[in-house]
Amino acid sequence: MSRTRVKICGTTNLPDALLSAEAGADALGFIFAPISKRLVRAEVAREASLAVGPAVARIGVFLNQGLDEVLRLAEGGRMSAVQLHGPLAPEFVLAAAQFYPVLRVVRPADLQTEAQRWAGHPAVTLMLDAPEPGGGVPLDWAALQADFPAGAWLAAGLGPENVAEAMRLLRPAGVDAVSKLEASAGQKNPQAVKAFVDAVKGS
Ligand SMILES: O=C(O)c1ccccc1NCC(=O)[C@H](O)[C@H](O)COP(=O)(O)O
């Protein structure tokens with residue numbers, strides 16, 4: 001079984017991209033959803049994407065945005081994958097997956113349905129997150145143990161202190177965090193980023 005991948009989300013500037021990459025992150029998230037307090041411009045994301053080297057994935061994060069906008073911003077920011085939040089039609093997810101690997105974000109209530117829907121679609125990977133993304137509130141991992149699908153990623157309220165326990169209970173293929181890794185909204189706390197990556201890789 002391969003090790004759990006670690007994604008640092010909400011990257012808004014070049015120094016934070018570099019510090020996350022140097023800490024050992026496998027993936028950086030760039031939020032293009034206009035409602036986010038961590039919104040990044042495509043030009044900034046592009047500069048960061050080109051600076052972190054070929055081994056670090058760059059994941060464009062979208063919430064209820066049209067396909068043209070998703071593709072334009074993902075291309076402009078030099079993303080390597082897209083993360084799709086919101087109540088989207090399966091056809092929309094499939095259309096995006098023609099262009100980029102997709103992290104399809106689902107809520108606990110939809111997990112079983114979505115797991116069945118996307119089984120056998122290699123371009124679509126599930127990510128379980130709280131109903132309010134970027135809110136820093138953990139899910140009830142014990143309650144999810146029976147249904148957590150192999151290969152799925154986990155987000156919501158993860159940080160250096162609790163990620164090992166979440167991994168022990170759910171064995172996610174990847175973990176994602178933002179709130180607990182910030183000094184302020186959109187600005188990373190370097191010690192927290194390093195501690196989070198080390199906790200994931202040491203588990
Ligand atoms: O974080 C945001 O501001 C955000 C806004 C709109 C859509 C998605 C957003 N974040 C997506 C993420 O991948 C977060 O890392 C994930 O929800 C976990 O956040 P947190 O619970 O704060 O660690």
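Sequence positions, counted from 1, serve as the residue numbers for this chain. Just so you know, ligand 1 is whichever comes first in the structure, and atom 1 is the first atom listed for that ligand. Treat the numbers as computed from the prediction; the structure is a model and nothing was measured.
Exactly one residue among Val82, Val70, Leu71 makes a side-chain contact (heavy atoms from CB on, under 4.5 Å) with Phe99. That residue is Leu71.
We find the CZ-CD distance between Arg72 and Gln65 to be 9.5 Å, quoted to the nearest 0.5 Å.
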Between Phe148 and Leu128, is the side-chain contact (heavy atoms from CB on, under 4.5 Å) condition met? List the steps. CA-CA 9 Å; Phe148 195 79; Leu128 185 64; 4.0 Å; yes
Phe32 vs Glu69, test: side-chain contact (heavy atoms from CB on, under 4.5 Å). Steps then yes/no. CA-CA 10 Å; Phe32 295 113; Glu69 186 176 339; over 6 Å; no
Quick check on ligand 1: any N or O pairs to the protein under 3.5 Å? One line per pair.
from	atom 1	to	atom 2	distance (Å)
ligand 1	1 (O)	Arg38	NH1	2.9
ligand 1	3 (O)	Ser36	OG	2.7
ligand 1	3 (O)	Arg38	NH1	3.2
ligand 1	13 (O)	Lys7	NZ	3.4
ligand 1	13 (O)	Gln83	NE2	2.8
ligand 1	13 (O)	Asp176	OD2	3.1
ligand 1	15 (O)	Asp176	OD2	2.6
ligand 1	17 (O)	Asp129	OD1	3.4
ligand 1	17 (O)	Asp129	OD2	2.5
ligand 1	17 (O)	Gly134	N	2.8
ligand 1	19 (O)	Gly134	N	3.4
ligand 1	21 (O)	Gly136	N	2.9
ligand 1	21 (O)	Gly157	N	2.8
ligand 1	22 (O)	Gly136	N	3.2
ligand 1	22 (O)	Ser179	N	3.1
ligand 1	22 (O)	Ser179	OG	2.4
ligand 1	23 (O)	Val178	N	3.0

Could you give the side-chain donor-acceptor pairs of residues 4-22 under 3.5 Å, partners two or more places apart or in another chain?
from	atom 1	to	atom 2	distance (Å)
Thr4	OG1	Pro172	O	3.0
Lys7	NZ	Gln83	OE1	2.6
Lys7	NZ	Asp176	OD1	2.5
Thr11	OG1	Gly29	O	3.2
Thr12	OG1	Gly186	O	2.6
Asn13	OD1	Asp16	N	2.8
Asn13	ND2	Asp16	OD2	3.2
Asp16	OD2	Lys188	N	2.9
Ser20	OG	Asp16	O	3.1

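Under the 3.5 Å distance criterion, with hydrogens and angles disregarded, a donor-acceptor pair is assigned to the side chains of Trp118 and Glu114.
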